[in-house]
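I'd like to ask some things about the structure below.
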Amino acid sequence: MSFEHNYEAGRESLLTGLNPEQKKAVLTEGGPILILAGAGSGKTRVITHRIAHLILDRNVPSWRILAITFTNKAANEMRERAEALVGEVGSMWIGTFHTMMLRILRRDCERVGFRPDFSIIDTDDQRRAIKEVLVGMGLENTTIPLKEFVSKISSAKNEMISPDKFKAEVKHNPYLSTIASVYAEYVKYCRRHNGFDFDDILLYTLQLLQENEDIRERYQERFLHILVDEYQDTNKVQYELVKLLSAKHRNLTVVGDDDQSIYRFRGADITNILDFEDDYPDATVIRLEQNYRSTKTILNAANAVIAENEARKKKRLWTDGEEGAPITFYLAEDHSHEARFVVRDIRNKLHSGSKADFAVLYRASALTRNIESSLREYGISYQIFGGLRFYDRKEIKDVTAYMRLALNQADDLALIRIINTPKRGIGDQTLEALRDAAAAQGISMLAAARQAHEIESLQRYAAKLMYFVGIIDKMTATLMSSDTSFAAFIEEVIRDSGLAAELEKQIQTDLSARTRLENMQEMASDALEFEKKYLAGEIVAAWADEGMDPETAANEIDDSLEAIVRAYLEQSALYSDQDRQSQKPDVNLMTIHSAKGLEFDHVYLIGAEERIFPSPFAEEEAFGIEEERRLCYVAMTRAKKQLTITAARSRLLYGRTQYNPPSRFLATIPDDLVNEIGGKKEVTPAMRAERSFGVMFDTMEKLESIRRKKAAEKPVRKPGDNGILWTALSVGQAIQHTRFGQGEILAITPTGDSAILRVRFASGEKRFVSDSADLSL
DNA sequence: CATTGATCGATTTTT
DNA sequence: TCGATCAATG
């Protein structure tokens, strides 16, 4: 297809088939625009057509457009669909927050004190780094679990709380103070090792832009139009970045749906979208409420559920489509009956020759087990979505770590990962001696290993250490010589590291060894592909500067092996290839979270029970139930033709049998939309009397749950006697008690007019009624 | 230093 | 129930 052809075709079809609101979203000239795009309302279509319109009809150079998404998958889809309309958009910045910000950061990272050969610290490395820091601080025996450090540090970064600020806020709380000092040391550790973790990529870019007027102006000037997808999922840092970058031209289009905000646990702040009109009083607000996906029945049910939420932009999806089949609710005896019901239904539909697609959705992945075994029993192919990603596999990361260390010999985290992989007789003792020696001399661990003969504490390990250094040095030499292809280099790494030999040895005894070996070999064939793309300018040409034509840009590419490896490592850190999917299975299994943005003819929502969905954790947080309800809304609106919801009277989960009543969310679905099998979707008196629900669901429990429900959904928002407004509190917040001193809120349980707070003090945990206890902020 | 049994603990996930 | 992670043994 020629460029001209695309151009004309794009122009013609740009507005045809769009409804008036969609047209408005495409054509609105500029300024701040908020597009509230309901589920299945043609969101991606609108964004891509808007981009095409800007380029084709308003002559905006493609390099002056910045389009931001949350996943690479979404970015690729957007790019492809935009290219189908416009032709070449190679020089347009379309990508995830992290990819885009890394481009900015790479160019000027020295201004925030990092060298250009920085590495990216992924979640694995992050844990390793924190462990290192704990050892360095003599805290290796702390009772605080590692993931507590990881999550607290990450949310502090997401909320832009510096270590100093964190420390000051919690100085009376020993528990949080420990975390604060580890946070501070961790930040130093990353800086010392010249590494950015995922949060840092955004945080340091923001700092770079804030502190350097010339750089800020450069990008503010460049980006004439900025579009942000899934705006309801942005966190504080992302919010600030978008605000800063769009400040000059103010052509900011944000697209999202507050009803589908389901990522608070990773820092998403729904108020970013709810308050957009306050931030930009002159914003054009466009509501896309016509749904092109689901039947009337499904939509009405979903609308009824989400209408219960208070913190939302009022919006009501409608459709021209058919009434459709009623929703099926099945109350199963137990988890195996539930699974069999779902799988039989799928089998019947498959046997009737239907070409439909199927998805089984669930709140927590532990629920897949029964479904999986039933599917196997019936011989139906399935695929679990969002499982382990290619680049996250151990064997792949090991190979990557060798490359990282060869490239950047100061990368201690990579060294720690592989110095004894495969086994070389280097254990904790050696590692500790090495770590100490490196720290004492102020050099990297690899550098210390190289001097093992000269450093007294290392002499007894010298032979083994020098052997390892030799392996890395050989790789580094290849890397610098540049007469080796990238694929050949990877092959060398796989061979010389001993990783291949190790796996070949294991093949006899370990069935998975073969797969792992194949995965490593796949890396080498991947490398060939990558090198080709890189040299063709498909990887970095888009980094080209303002207005540079693609050909010149391609010629500017650094074609040394070192540069290619660097680009590859970057991609493997930021890219979790979801397009690697093999042939289409009959059924897709996934969590509700990973189903967002997808659609299926038939959707089965399993485990629709209290204590599973909503998750018991949600009760602890103010407005936690609202997020669960949004999750339910997302699940329901994935279905195009038919929705089936199931629950079980008894369920074996985590080794215990639970007796859970059907989810409270089901009660809000109008009865006339539902065909009930095996029991009612509401909790009836008869059901309560049933022995099977047992003690887990007796009157006490029931009363409490009703009270909680009322409290959570209709919170009284006035301060108590002590002046505390419980709805304004959040878990993790610091609070004072006259007798116990400074504490941290661990949980908030709504109880009608007020809430019960669980607070951790230096002296232990205590519970208080939020509006009458001797508390202050 | 490597292997093995005990213990803990358990949402949701992308980059 | 199952898996990962951690202290005691060969």
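The sequence lines fix the lettering, A, B, ..., with proteins before strands; numbering per chain opens at 1.
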**Request:** Could you list the residues that satisfy ring pair (Phe, Tyr, Trp, His ring centres under 6.0 Å) with Tyr204(A), not counting sequence neighbours?
**Result:** Phe114(A), Phe196(A)

**Request:** Could you tell me which residues satisfy ring pair (Phe, Tyr, Trp, His ring centres under 6.0 Å) with Phe70(A), sequence neighbours excluded, listed by chain and number?
**Result:** Phe97(A)

**Spacing of Arg424(A) atom CZ relative to dC1(B) atom P, expressed in whole Å** = 14 Å

**Message:** Tell me every residue that passes side-chain contact (heavy atoms from CB on, under 4.5 Å) with Asp259(A), counting only those two or more places apart in sequence or in another chain.
**Reply:** Asp257(A), Ile306(A), Arg312(A), Lys315(A), Tyr633(A)

**Prompt:** Tell me: NZ of Lys131(A) to C1' of dC6(C), nearest whole Å?
**Reply:** 10 Å

**Request:** Report the nucleotide, chosen from dT15(B), dA2(B), dG3(C), that has the shortest atom-to-atom distance to any side-chain atom of Arg369(A).
**Result:** dG3(C)

**Between P of dC8(B) and CG of Leu146(A), the distance in whole Å** = 18 Å

**Rounded interatomic separation in angstrom, taking CD from Glu140(A) and P from dT5(C)** = 19 Å

**Request:** For Ala463(A), enumerate each residue passing the side-chain contact (heavy atoms from CB on, under 4.5 Å) test, keeping only those at least two apart in sequence or located in another chain.
**Result:** none

**Message:** From the set dT15(B), dT3(B), dC1(B), return the single nucleotide nearest to any side-chain atom of Leu574(A).
**Reply:** dT15(B)

Every protein N/O within reach of nucleotides 9-12 of chain B N/O, cut-off under 3.5 Å:
from, atom 1, to, atom 2, distance (Å)
dT11(B), OP1, Tyr654(A), OH, 3.2
dT12(B), OP1, Ser365(A), N, 2.8
dT12(B), OP1, Ser365(A), OG, 2.6
dT12(B), O4', Arg363(A), NH2, 3.1
dT12(B), O2, Arg363(A), NH2, 2.6

**Message:** For dC1(B) and Asn420(A) - does any side-chain N or O of the residue sit under 4.0 Å from the phosphate oxygens OP1/OP2?
**Reply:** no

**Message:** With a 6.0 Å cut-off (strictly less than), is the heavy-atom count around CZ of Arg127(A), excluding the residue itself, greater than 12?
**Reply:** no

**Spacing between Asn158(A) atom CG and dT15(B) atom P, to the nearest angstrom** = 15 Å

**Message:** Between C1' on dC6(C) and CG on Leu134(A), what's the gap in Å once rounded to a whole number?
**Reply:** 15 Å

Show which side-chain atoms of residues 418-425 of chain A pair as donor or acceptor with protein atoms under 3.5 Å away, not counting sequence neighbours.
from, atom 1, to, atom 2, distance (Å)
Asn420(A), OD1, Arg424(A), N, 2.7
Asn420(A), OD1, Gly425(A), N, 3.3
Asn420(A), OD1, Ile426(A), N, 3.2
Asn420(A), ND2, Ile426(A), O, 3.0
Thr421(A), OG1, Arg417(A), O, 3.1
Arg424(A), NH1, Tyr402(A), OH, 3.3
Arg424(A), NH1, Ile418(A), O, 3.0
Arg424(A), NH1, Ile419(A), O, 3.0
Arg424(A), NH2, Tyr402(A), OH, 2.6
Arg424(A), NH2, Ser497(A), O, 2.9

**Prompt:** Does Phe97(A) or Ile426(A) map to a spot on DNA chain B nearer the 5' end, using the closest nucleotide for each?
**Reply:** Ile426(A)

**Prompt:** Which whole-number value in Å describes the distance from Asp428(A) CG to dC6(C) C1'?
**Reply:** 11 Å

**Message:** Closest-nucleotide mapping onto DNA chain B: is Thr96(A) or Gly427(A) further toward the 5' terminus? I mean the 5' end.
**Reply:** Gly427(A)

**Message:** Can you check the distance between dT5(C) and dT12(B), where both ends of the measurement are the C1' atom (answer in whole Å)?
**Reply:** 22 Å

**Request:** Name the orientation class of the two ring planes belonging to His98(A) and Phe198(A) (parallel below 30°, tilted from 30 to 60°, perpendicular beyond 60°).
**Result:** perpendicular

**Request:** Please state how far atom CD1 in Ile130(A) lies from atom C1' in dT5(C), giving the value in whole angstrom units.
**Result:** 17 Å

